[in-house]
Amino acid sequence: MLKNHLQELQQHDTPLYVYDLDLLRRTLRKAQAESEKYGYQVHYALKANANAPVLAEVKAHNFGADCVSGNEVRRAIENGFSPDHVVFAGVGKSDAEINYALDMDIFCFNCESSHELAVLHELAAAKGKTARIALRINPNVNANTHKYITTGLEENKFGINAWELPDVLAQLKELDSLQLTGIHFHIGSQITDLSSFRNLCTRVNEFQDWFQQHNVELEHINVGGGLGVDYYHPDQQPIPDFEAYFALFHQFLEVRPGQQVHFELGRSLVAQCGTLLSRVLYIKHGKTTSFAILDAGMTELIRPALYQSYHKIENLSSELPEEKYDVVGPICESSDCFGKAVLLPETNRGDLIAIRTAGAYGEVMTSQYNLRDKAQVVYLNK
Ligand SMILES: *Cc1c(COP(=O)(O)O)cnc(C)c1O
């Protein structure tokens, strides 16, 4: 795909983020069609990628917005998402962030601790408002993914633990500026083994029974996001298997009459449409290793350094016989490495290197470490 746009791309400075809006639209259409089969509502997790042209496509496909900061709530609303399709999660919401979201009358605060409930109640009461809330419950389900992106185990900082729920229900009886409307779960990210979601469904069903026994009616069940993508085969598998994903919840989640089911997908919607494009600055031959030194580094894409994550690397400029390279960035950190012993056609200064599947948790995690400039951005198939 990128090779078809090579002439255009060569005009640009690097590092460059390239987004294929045609693939984004096809991905959104598929997710929308598969979720609508069961009447499910999907909120897009802005933290994966919050660029305006991306948000415009997401919104055009009827997704809501899942936000984890006040500025994300603002970004969503400024880009046309209706506040009643905005949810706000996060373990550490500041007073200013809560006040802003209260002023906007968002659909729901996903609350992560009993202390947060007390503060939210106070801030809502001061405005004479009632805040709609969901309890983010830690279901103690293992997502079987990298430990830094596992969020649903009791050892993680996220959510309210099951054993706290009786106290929380008692507390909520006193907090009359809060209206409990749902329960929320999010067990982690880049989950490729669907059995983790099946385990989640089992736990959610148990929690539903518990709330029913305590005469609490829940309008919505939010099962979060986390569906993974295929970083190894971005061309063979550009669109995740949304059909199997939503069908699994339909099969295993017990929904009460009138209840809405919400999802919060981020990565699976936007990862494959993005590529980080870079040029080779230097080739350096070590004793046993050759290094291809790029003009992009961990400042543009931190996932390999942070999670040891794999991204497919391609040389778009060369068709020479293959050799092995450690593909590294220019930053003064040894973890600034995109891949070790990567087979690439013989690579030379000036070659264009594509680092694939960078649309999610790529550009949004950019830093200016080493006083680096921000990467340029281009959108294909506008
Ligand atoms: C990050 C996050 C998501 C999205 O996760 P993906 O793996 O990108 O789908 C959804 N919900 C919450 C609460 C999150 O923090």
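Atoms within each ligand, like the ligands themselves, are counted from 1 in listed order. Not measured: the values here are computed from a predicted model.
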Problem - 4.0 Å heavy-atom contact, H43 with ligand 1 - result: no

Handout entry: Nearest-contact summary for atom 7 (O) of ligand 1 - protein heavy atom, Å
Key = S189 OG, 2.3 Å

Handout entry: Backbone or side-chain N or O of L265 under 3.5 Å from ligand 1 N or O
Key = no

Problem - Contacting atoms of ligand 1, where contact means under 4.0 angstrom from a heavy atom of D66 - result: 3 (C), 10 (C), 11 (N), 12 (C)

Exercise for the section: Mark up the atoms of ligand 1 that fall under 4.0 Å of a heavy atom belonging to G266, in ascending order. Expected result: 6 (P), 8 (O), 9 (O)

Practice task
Number the atoms of ligand 1 from 1 as they appear, then name those within less than 4.0 Å of a heavy atom of A45, with their elements.
Solution key: 3 (C), 4 (C)

Fill in the blank from the handout: atom 5 (O) of ligand 1 has as its nearest protein heavy atom H186 CE1, 3.4 Å

Practice task
Answer with side chain, backbone, both or neither: which part of I191 has a heavy atom less than 4.0 angstrom from an atom of ligand 1?
Solution key: neither

Practice task
Kindly check if the number of other-residue, nucleotide or ligand heavy atoms within 6.0 Å of CD (Q179) is above 12?
Solution key: yes

Exercise for the section: Output yes when the distance from some N or O of ligand 1 to some N or O of R136 is under 3.5 Å, and no in every other case. Expected result: no

Exercise for the section: State whether the shortest distance between N or O atoms of G226 and N or O atoms of ligand 1 falls below 3.5 angstrom. Expected result: yes

Practice task
Check the hydrophobic clustering (I, L, V, M, F, W, Y; side-chain heavy atoms under 4.5 Å; chains of links allowed) and say if I160 and V216 are grouped together.
Solution key: yes

Exercise for the section: Note the single closest protein heavy atom to atom 14 (C) of ligand 1, along with its residue, its atom name and the distance in Å. Expected result: K47 NZ, 2.8 Å

Problem - Step-by-step ring-ring contact (aromatic ring centres under 6.0 Å, His included) determination, Y231 to Y310 - result: CA-CA 7 Å; Y231 282 92; Y310 174 88; 7.9 Å; no

Practice task
Determine whether V270 and F242 fall in the same hydrophobic cluster, where Ile, Leu, Val, Met, Phe, Trp and Tyr are linked whenever their side-chain heavy atoms lie under 4.5 Å apart.
Solution key: yes

Practice task
Without swapping roles, check the side chain of N205 against the backbone of E254 for a donor-acceptor pair under 3.5 Å.
Solution key: yes

Problem - hydrophobic_cluster_shared for V229 and Y19, side chain cutoff 4.5 Å - result: no

Exercise for the section: Going by heavy-atom distance to atom 13 (C) of ligand 1, choose the closest among Q190, E264, R267. Expected result: E264

Problem - Polar contact flag for S268 and ligand 1 (N/O pairs, less than 3.5 Å) - result: no

Only pairs under 3.5 Å count here: list side-chain donor-acceptor contacts from residues 332-342, not counting sequence neighbours, and write none if there are none.
from: E333; atom 1: OE2; to: Y369; atom 2: OH; distance (Å): 3.1
from: D336; atom 1: OD1; to: M298; atom 2: N; distance (Å): 2.6
from: D336; atom 1: OD2; to: I331; atom 2: N; distance (Å): 2.7

Problem - S317 side chain vs D351 backbone, donor-acceptor pair below 3.5 Å - result: no

Completion exercise
A student comparing Y361, F263, Y44, F88 should find that the heavy atom closest to atom 8 (O) of ligand 1 comes from Y361

Exercise for the section: Would you check, one step at a time, whether the test salt bridge (Lys or Arg N to Asp or Glu O under 4.0 Å) holds for R279 with D13? Expected result: CA-CA 9 Å; R279 281 190 176 84; D13 287 340; 5.3 Å; no

